[in-house]
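Below: one structure, written as structure tokens.
Keep in mind that this is a model prediction, so the values were computed, not measured.
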Amino acid sequence: MLTCKERDLLLSRQVAIIEEILKSLRRIEAKLDHLPAGRPRKVELPSLKPLITQQTIGVAAPTAGLSDENEAMAEEDVEFLCEALRCLGFTVDQVRPSFEQTEELNKLAAYIGEHWEIFRSLWMDFKRALQGRGGVAKKVGNYAPVDVSYICNLCTRMRDFAFLTSYTYRKAPHFFLQASISQMPPAQSFIGGEWFERFLLTEVKAALDAYCAPRNVTKKLRYINDTVVILPNQKGAEMDIFCEIDGLYFWLEAKTGDYQQHVEKYDCMAKSLHLPAKQVMVVILDLPETACRLLTQTYSHLTVLNQYLVRPTITQLFIDSFGEIERPAEVFDVSSDSETPSE
């Protein structure tokens with residue numbers, strides 16, 4: 001129940017929003033009136049920053065089981081972003097459950113991404129096992145002891161989530177790992193690529209922290225994941241992660257396998273969105289930086305990155321959009337020939 005003060009504040013904000021909508025509509029109408037007859041009427045969209053419905057302003061509507069710290073995606077944020085996509089020309093057909101509802105999986109994805117150099121070979125074995133009988137047998141004697149501990153920790157956590165139905169590790173002198181992969185849809189989805197989407201979300205959050213901490217400011221991240229949309233050409237598509245922070249909209253697509261047949265489709269979708277190329281990021285796992293630069297120069301409506309370039313690139317996007325602070329050490333620049341060092 002809102003207090004009188006909160007109700008008055010909400011009402012005053014609604015009035016201000018309505019006035020802004022009317023002003024935006026008048027500006028659009030004026031632009032349309034000045035267009036030559038027969039010319040396609042393409043005008044700049046009004047800012048979507050503060051307004052969609054009553055639920056997007058003031059005190060957030062209570063949601064069962066969710067905390068004030070954004071432990072889960074609030075219903076009003078979903079409506080806000082769906083309306084934003086509608087304003088940009090996309091019809092939202094389906095919104096999948098938020099990644100925030102399974103935060104422990106986000107932590108597991110972050111762990112995988114942070115130690116990917118160690119896990120890469122084993123993860124490829126996991127993916128191959130999904131196509132067979134679900135068994136993995138691997139000698140790890142050539143790994144450093146600390147790396148073996150990371151691998152064992154990963155397998156234990158995967159078993160806890162029932163992504164592995166069994167897991168054993170035989171220590172020295174055998175150094176032998178055996179695991180069975182679950183054939184259930186949650187395991188197949190996570191191993192097949194969902195982990196990478198979740199990892200990218202953690203990188204967005206890390207970039208936001210990197211921007212906000214030196215400035216001693218807070219900014220709210222809204223996002224929807226795995227959203228099924230209908231494009232202006234009436235074809236269906238899925239958007240991995242669509243985000244909004246303080247009026248800045250950006251879209252990330254995650255690819256862990258073959259990407260060649262998808263990049264052109266994303267470029268056409270990005271053109272329909274009318275977002276700047278730096279706000280549409282296709283992230284391809286392990287793609288060399290030179291290939292990222294080449295694809296970015298080839299397709300004019302998006303930016304292609306690998307997993308190492310995501311955090312510094314998004315941090316720079318925040319700096320460009322919200323104000324200058326100290327420039328991050330690594331920033332993806334398509335005009336540069338220098339290589340970004342890998343971790």
Side-chain angles (χ1 to χ4, degrees), residues 96 99 102 104-132 134 136 138 150-151 154-155 157-158 161 163-164 179 181-207 223-228 237-243 250-267 269-270 280-296 299 302-314 332 340 342-343:
R96 302 249 169 88
F99 286 157
T102 46
E104 290 304 312
L105 281 181
N106 293 343
K107 294 178 182 178
L108 176 59
Y111 182 75
I112 296 168
E114 290 166 4
H115 303 289
W116 179 245
E117 296 296 330
I118 300 170
F119 298 151
R120 180 187 289 109
S121 176
L122 177 63
W123 203 262
M124 295 303 105
D125 291 341
F126 285 166
K127 292 186 70 172
R128 282 189 289 268
L130 288 177
Q131 310 302 320
V136 170
K138 190 176 187 65
Y150 284 135
I151 291 172
L154 171 65
C155 291
R157 294 170 72 173
M158 295 276 287
F161 281 107
F163 295 157
L164 301 183
I181 313 298
S182 170
Q183 298 299 305
M184 298 301 291
Q188 295 200 15
S189 177
F190 187 84
I191 295 172
E194 181 188 311
W195 78 268
F196 194 45
E197 296 177 31
R198 290 178 178 271
F199 171 67
L200 295 186
L201 177 63
T202 66
E203 290 293 278
V204 171
K205 293 179 177 180
Y223 76 92
I224 46 179
N225 53 267
D226 299 327
T227 305
V228 180
E238 184 174 287
M239 302 177 71
D240 285 346
I241 306 174
F242 182 66
C243 303
F250 55 100
W251 166 34
L252 294 96
E253 280 294 320
K255 298 302 296 180
T256 59
D258 293 337
Y259 62 87
Q260 289 84 355
Q261 68 271 33
H262 298 287
V263 176
E264 185 175 0
K265 177 185 72 175
Y266 296 144
D267 190 64
M269 289 175 63
V280 179
M281 288 161 268
V282 177
V283 187
I284 303 171
L285 185 66
D286 288 334
L287 188 70
E289 186 177 336
T290 51
C292 292
R293 184 174 295 109
L294 177 62
L295 287 170
T296 300
Y299 295 95
L302 51 76
T303 301
V304 177
L305 307 169
N306 61 33
Q307 68 270 30
Y308 305 111
L309 297 166
V310 173
R311 189 185 303 189
T313 301
I314 294 181
F332 183 56
T340 301
S342 300
E343 295 181 358

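Put simply, CD on Q307 and CD on E203 are 9.0 Å apart, with the number rounded to the nearest 0.5 Å. To the nearest 0.5 Å, atoms NZ (K138) and CZ (F126) are separated by 9.5 Å. Interatomic distance, CG of L252 versus CD1 of I314, reported as 5.0 Å (0.5 Å rounding). The CE atom of M239 sits 12.0 Å away from atom CG of N225, with the distance rounded to the nearest 0.5 Å. Rounded to the nearest 0.5 angstrom, D240 CG and L201 CG are separated by 11.5 Å. Between I191 atom CD1 and L164 atom CG the span is 6.5 Å, to the nearest 0.5 Å.
Looking only at side-chain heavy atoms (C-beta outward), K265 and E253 stay at 4.5 Å or farther from each other. Counting only heavy atoms from C-beta outward, the side chains of T256 and K127 approach each other to under 4.5 Å. In this structure the side chain of M158 reaches within 4.5 angstrom of the side chain of L108, judged on heavy atoms. Side-chain contact between L200 and M281 is absent, with no heavy atoms from C-beta onward closer than 4.5 Å. Side-chain contact between Y111 and K107 is absent, with no heavy-atom pair separated by less than 4.5 Å. For the pair L105 and F161, the minimum side-chain heavy-atom distance is below 4.5 Å. Between L285 and W116 the shortest side-chain heavy-atom distance falls below 4.5 Å.
Residues that satisfy the side-chain hydrogen bond (donor to acceptor under 3.5 Å, both in side chains) test with Y259, not counting sequence neighbours, are absent from this structure. Taking the salt bridge (Lys or Arg N to Asp or Glu O under 4.0 Å) definition, one finds that D286 meets it with R120, sequence neighbours left out.
A donor-acceptor pair under 3.5 Å is absent between the side-chain atoms of S189 and the main chain of P186, judged by distance alone. Within the 3.5 Å criterion, the main-chain N or O of C292 finds no donor-acceptor partner in the side chain of N306.
Minimum heavy-atom separation, L122 to L154: CD2-CD2, 4.4 Å. The minimum heavy-atom distance between A129 and Q183, with the atom names listed, is O-NE2, 3.9 Å. Here the shortest heavy-atom pairing between L309 and T313 reads O-OG1, 2.6 Å. Residues S121 and R128 come closest through the heavy atom pair O-NH2, 4.5 Å. Smallest separation of non-hydrogen atoms from A110 and F199: CA-CD1, 4.0 Å. Heavy atoms only, all atoms of each residue included: Y266 and K255 are closest at OH-CD, 3.6 Å.
Aromatic ring pairs are classed by plane angle as parallel below 30°, tilted from 30° to 60° and perpendicular above 60°; the pair F190 and F163 is parallel. Below 30°, between 30° and 60°, or above 60°: for Y150 and F119 the angle between ring planes is above 60°, a perpendicular geometry.
Heavy-atom contacts from other residues, nucleotides or ligands closer than 6.0 Å to CD of E264 number 12 or fewer.
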Verdict with supporting geometry, V204 and F250, side-chain contact (heavy atoms from CB on, under 4.5 Å): CA-CA 11 Å; V204 171; F250 55 100; 3.9 Å; yes
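With respect to the salt-bridge test (charged N to carboxylate O, under 4.0 angstrom), the residues R96 and E238 qualify.
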